[in-house]
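Everything numeric in this text was worked out from a predicted model, so none of it was measured.
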2 protein chains.
Amino acid sequence: MEFAIVGAGMAGAFLALSLGRQGHAVTVYDRRPDPREMASAVTSMNLGLSRRGLAALDSLGLSEEVKRLVVPMHGRMLHNLDGGLRFSAYGEGGILAIQRQDLSALLVDAACRVPGVRFVFDTRCTGVDRDLPSVSFVDPDGRSLVVKPDVVVGADGAFSAVRRSMHHDQRAEFSQHYLEWGWRELHIPAAADGTHRMADDVFHLWPRGDIMMFAHPNRDGSFTCSCVLPFHGTHGFDSLRTPSDVESLFREYFPDVLSLVPDLGETFLRQPTFNLVTVSTAPWVHEGKVVLIGDACHAVYPFLAQGMNSAFEDALELTASLAHHTGDTTAALARYYTRRKPNTDALAAMSHRNFAELRDTVRSPAVRLERACDTLLEKVLRHRWMPLHAMVTNTTIPYAQAQHRATRQHRILKYAGASAVAALTAAAFRRFRR
Amino acid sequence: MEFAIVGAGMAGAFLALSLGRQGHAVTVYDRRPDPREMASAVTSMNLGLSRRGLAALDSLGLSEEVKRLVVPMHGRMLHNLDGGLRFSAYGEGGILAIQRQDLSALLVDAACRVPGVRFVFDTRCTGVDRDLPSVSFVDPDGRSLVVKPDVVVGADGAFSAVRRSMHHDQRAEFSQHYLEWGWRELHIPAAADGTHRMADDVFHLWPRGDIMMFAHPNRDGSFTCSCVLPFHGTHGFDSLRTPSDVESLFREYFPDVLSLVPDLGETFLRQPTFNLVTVSTAPWVHEGKVVLIGDACHAVYPFLAQGMNSAFEDALELTASLAHHTGDTTAALARYYTRRKPNTDALAAMSHRNFAELRDTVRSPAVRLERACDTLLEKVLRHRWMPLHAMVTNTTIPYAQAQHRATRQHRILKYAGASAVAALTAAAFRRFRR
């Protein structure tokens with residue numbers, strides 16, 4: 001079959017590869033230039049590749065190639081206000097830090113090697129006729145171009161043009177919500193000898209309640225930091241007007257970073273501020289003709305680092321559904337939607353909650369206690385107890401199921417409290433002693 | 001100041017009149033033809049004009065003129081399955097049934113008589129530059145037209161083009177939700193002698209749980225009925241395929257209407273199905289340059305009959321805010337938004353809940369009991385106790401305040417139960433006897 005994918009980002013490029021391997025003809029269009037030819041991308045936080053993303057890449061035989069581009073993060077390093085550090089391990093596998101552009105270029109490159117797959121860059125989608133189906137584009141010279149594939153795929157992100165056309169005049173559910181926080185990127189360069197200036201195998205986190213920062217190690221000895229602040233208020237972007245405003249904020253909240261970023265104040269003020277949006281919508285498909293994947297149908301807050309990982313899962317599920325219902329694309333798309341929607345709804349809810357938890361990690365004793373119990377129980381009960389973060393990050397358990405299990409575990413911890421911990425621990429020990 | 005209003009529906013025409021009276025220059029654009037020249041409109045349910053709407057019209061000196069076009073409805077007539085009828089009075093004022101096109105033509109006509117106000121029909125808005133501000137249109141001959149007023153008003157309904165342009169690339173909150181129910185219009189013609197074939201001074205309601213119907217009397221002896229069904233399932237629009245399917249549905253659920261609509265089956269199948277959408281968004285304004293009113297910023301389900309009434313309130317609040325902050329349009333629009341948003345949020349919540357109650361009116365003894373207590377307390381306590389429906393319909397109490405009072409009353413009824421009723425009644429009697 002013939003597919004036109006709108007959007008050559010993570011979701012689109014991965015799907016092109018996956019569909020191409022199944023023998024489909026795929027053309028991917030993107031309004032941006034070829035990522036392999038771009039100097040650098042400043043469109044998103046660094047990516048965290050976790051178990052699900054890696055499993056997806058592995059299923060297409062790419063995991064070895066990808067592993068050459070990553071920096072493994074074995075746990076989370078909390079930076080306290082007093083300069084103290086606290087490490088907590090992620091558990092098996094950990095999270096792999098990878099720069100967006102590296103992975104993007106790799107995926108496009110790999111997809112291009114598959115016969116029947118091609119990419120058309122610098123070409124903007126202007127709309128979709130969902131019933132033909134057809135897609136209209138404007139090419140770099142301003143000429144319009146109309147293509148008529150069998151299936152149109154919207155992999156064009158949170159503000160998807162395909163989605164808008166597909167839902168026009170339909171009874172479509174749609175909501176978008178923004179956090180009152182935004183983020184700016186900062187760069188900690190490598191030391192003179194090319195080494196990392198902080199621990200190079202962890203995810204660094206500075207949780208400060210209303211504001212926070214985190215950093216990913218890069219292969220070249222540098223770190224990419226994301227600084228998350230409210231838009232308004234005392235610590236808001238709008239009250240940071242001069243380099244010295246920025247420096248005093250860092251001196252107060254992120255003192256250990258102050259000296260690591262050259263020209264911190266100036267640099268910070270020059271950076272663009274990015275928004276944090278969550279998008280929920282239904283349906284994701286129109287008959288057997290149009291289908292959405294990734295952020296186009298379920299953009300989430302990035303703090304669980306599952307955006308790319310879930311988009312890869314979408315792509316695999318879509319490919320599998322097409323194989324499952326060969327010859328009946330309507331049934332295939334319906335199956336894909338039915339199987340993915342509950343999971344990405346769960347992911348959205350978990351990502352939302354996770355943001356509050358991340359910011360408060362240091363302050364809330366309740367959160368810390370629950371996390372400690374969680375970790376203890378995981379150690380003792382092995383696979384019968386697993387903290388939510390571990391299920392999301394270290395497994396491929398469907399999100400909805402992970403959420404359900406975590407809710408149940410949370411309830412046990414909350415209501416049964418210490419006695420439950422003791423009883424379960426005792427039970428587990430008995431089992432081990434047998 | 002110079003205003004360009006996009007949309008000449010209820011909200012736009014009323015606002016034009018209100019702003020024109022304040023001495024502003026106003027041009028109203030609409031993509032539809034002049035309502036005064038249209039044969040008939042089939043774009044919406046008949047309208048229910050309640051106390052707030054009438055007060056708004058009165059403030060512009062139009063209430064006498066409007067009253068000539070209405071049919072007063074003094075209460076609600078429930079049609080039971082067995083053909084039995086049950087009447088419940090609306091209380092002072094009642095609701096006035098009016099045909100959309102009649103009121104629309106009257107408003108446009110009245111606005112045209114104000115110097116400085118003019119209407120441009122058959123002219124479609126294609127976008128807004130929120131910073132200039134300017135509005136682009138396409139006229140009936142396909143030529144484009146750009147106007148540069150001081151303020152652009154989006155009164156262009158639930159799918160507002162002004163809203164889309166204003167929010168483009170902004171951190172705008174937006175959600176739209178559809179009911180799984182839709183509705184079709186039916187017409188009960190007058191009897192041979194020109195009289196109404198059912199009671200002519202009430203709102204007729206056939207609540208049947210999953211489905212329902214209601215009817216407004218018209219001045220010519222006819223009734224306009226709205227038949228609300230789910231889209232799918234046993235009684236859904238999609239299972240009504242032949243005239244006899246329709247007739248058996250009516251025989252089962254609306255037997256007394258079967259004989260009143262000529263060619264019921266055929267007519268029903270020819271009618272378009274309308275959706276029921278609720279839209280919530282923020283912000284409603286961009287600096288002192290663009291502002292939204294009516295459905296463009298708060299489309300609600302129509303079952304509380306407050307869509308038009310709340311749009312009129314928007315228009316008056318906007319006019320008052322502009323007068324309050326003469327010379328500072330940014331402050332004026334901010335004041336308007338701050339004062340209206342909590343009220344229309346409350347209206348949306350109440351409209352949503354009301355739909356379930358309306359459908360279930362007959363079936364749920366709890367709803368009936370609470371309503372009976374409500375009515376009793378209202379009689380006894382006069383203005384110190386008022387059912388929600390009465391506050392919404394018979395007063396101009398701001399919606400948020402009405403919702404708050406109703407919540408408090410509901411809690412009293414729910415928790416204190418019969419004893420509270422008795423105590424309050426006794427207290428009230430004591431007060432009366434003094």
> Say whether, by atom type as modelled, one donor and one acceptor occur between the side chain of A:Ser351 and the main chain of A:Ala349 under 3.5 angstrom.
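No; judged by distance alone, with no hydrogens or angles, the pair does not exist.
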> Is the backbone of B:Asp210 close enough, under 3.5 Å, to the side chain of B:Trp181 for a donor and an acceptor to pair up by distance?
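Between the backbone of B:Asp210 and the side chain of B:Trp181 there is a qualifying donor-acceptor contact (under 3.5 Å).
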> Pull out the residues in residues 167-179 of chain B that come under 4.5 Å of chain A, heavy atom to heavy atom, sorted by number.
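Contacts with chain A: B:Gln170, B:Arg171, B:Ala172, B:Glu173, B:Phe174, B:Ser175, B:Gln176, B:His177, B:Tyr178, B:Leu179.
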> Do the ring planes of B:Trp284 and B:Tyr336 sit parallel (below 30°), tilted (30 to 60°) or perpendicular (above 60°)?
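B:Trp284 and B:Tyr336: tilted rings.
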> Between the main-chain N or O of A:Arg241 and the side-chain N or O of A:Asp245, is there a donor-acceptor pair closer than 3.5 Å?
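Yes, because the side chain of A:Asp245 sits within donor-acceptor range (under 3.5 Å) of the backbone of A:Arg241.
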> Return yes if some donor-acceptor pair links the side-chain N/O of A:Lys289 with the main-chain N/O of A:Ser134 below 3.5 Å, else return no.
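Not at all, since once roles are kept as given, no pair shorter than 3.5 Å links the two residues.
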> Indicate yes or no for a side-chain donor-acceptor contact from A:Arg31 to the backbone of A:Arg124 under 3.5 Å, with no hydrogens or angles considered.
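The answer is no, because no donor-acceptor pair under 3.5 Å joins these two groups.
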> Taking B:Val128's backbone N and O only, do any of them form a donor-acceptor pair with B:Ser165's side chain (distance below 3.5 Å, no angle check)?
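Confirmed, B:Ser165 side chain pairs with B:Val128 backbone.
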> Can you confirm whether B:Leu249 sits close enough to B:Phe268 that some side-chain heavy atom of one is under 4.5 Å from a side-chain heavy atom of the other?
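Not in contact.
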> Looking at A:Arg143 and A:Asp139, is there a salt bridge between them, counting it only when a charged N and a carboxylate O are closer than 4.0 Å?
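Between A:Arg143 and A:Asp139 there is a salt bridge, with a charged N closer than 4.0 Å to a carboxylate O.
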> Listed by residue number, which members of residues 230-237 of chain B have a heavy atom under 4.5 Å from any heavy atom of chain A?
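Against chain A, the residues of residues 230-237 of chain B that fall inside the cut-off (heavy atoms, under 4.5 Å) are B:Phe231, B:His232.
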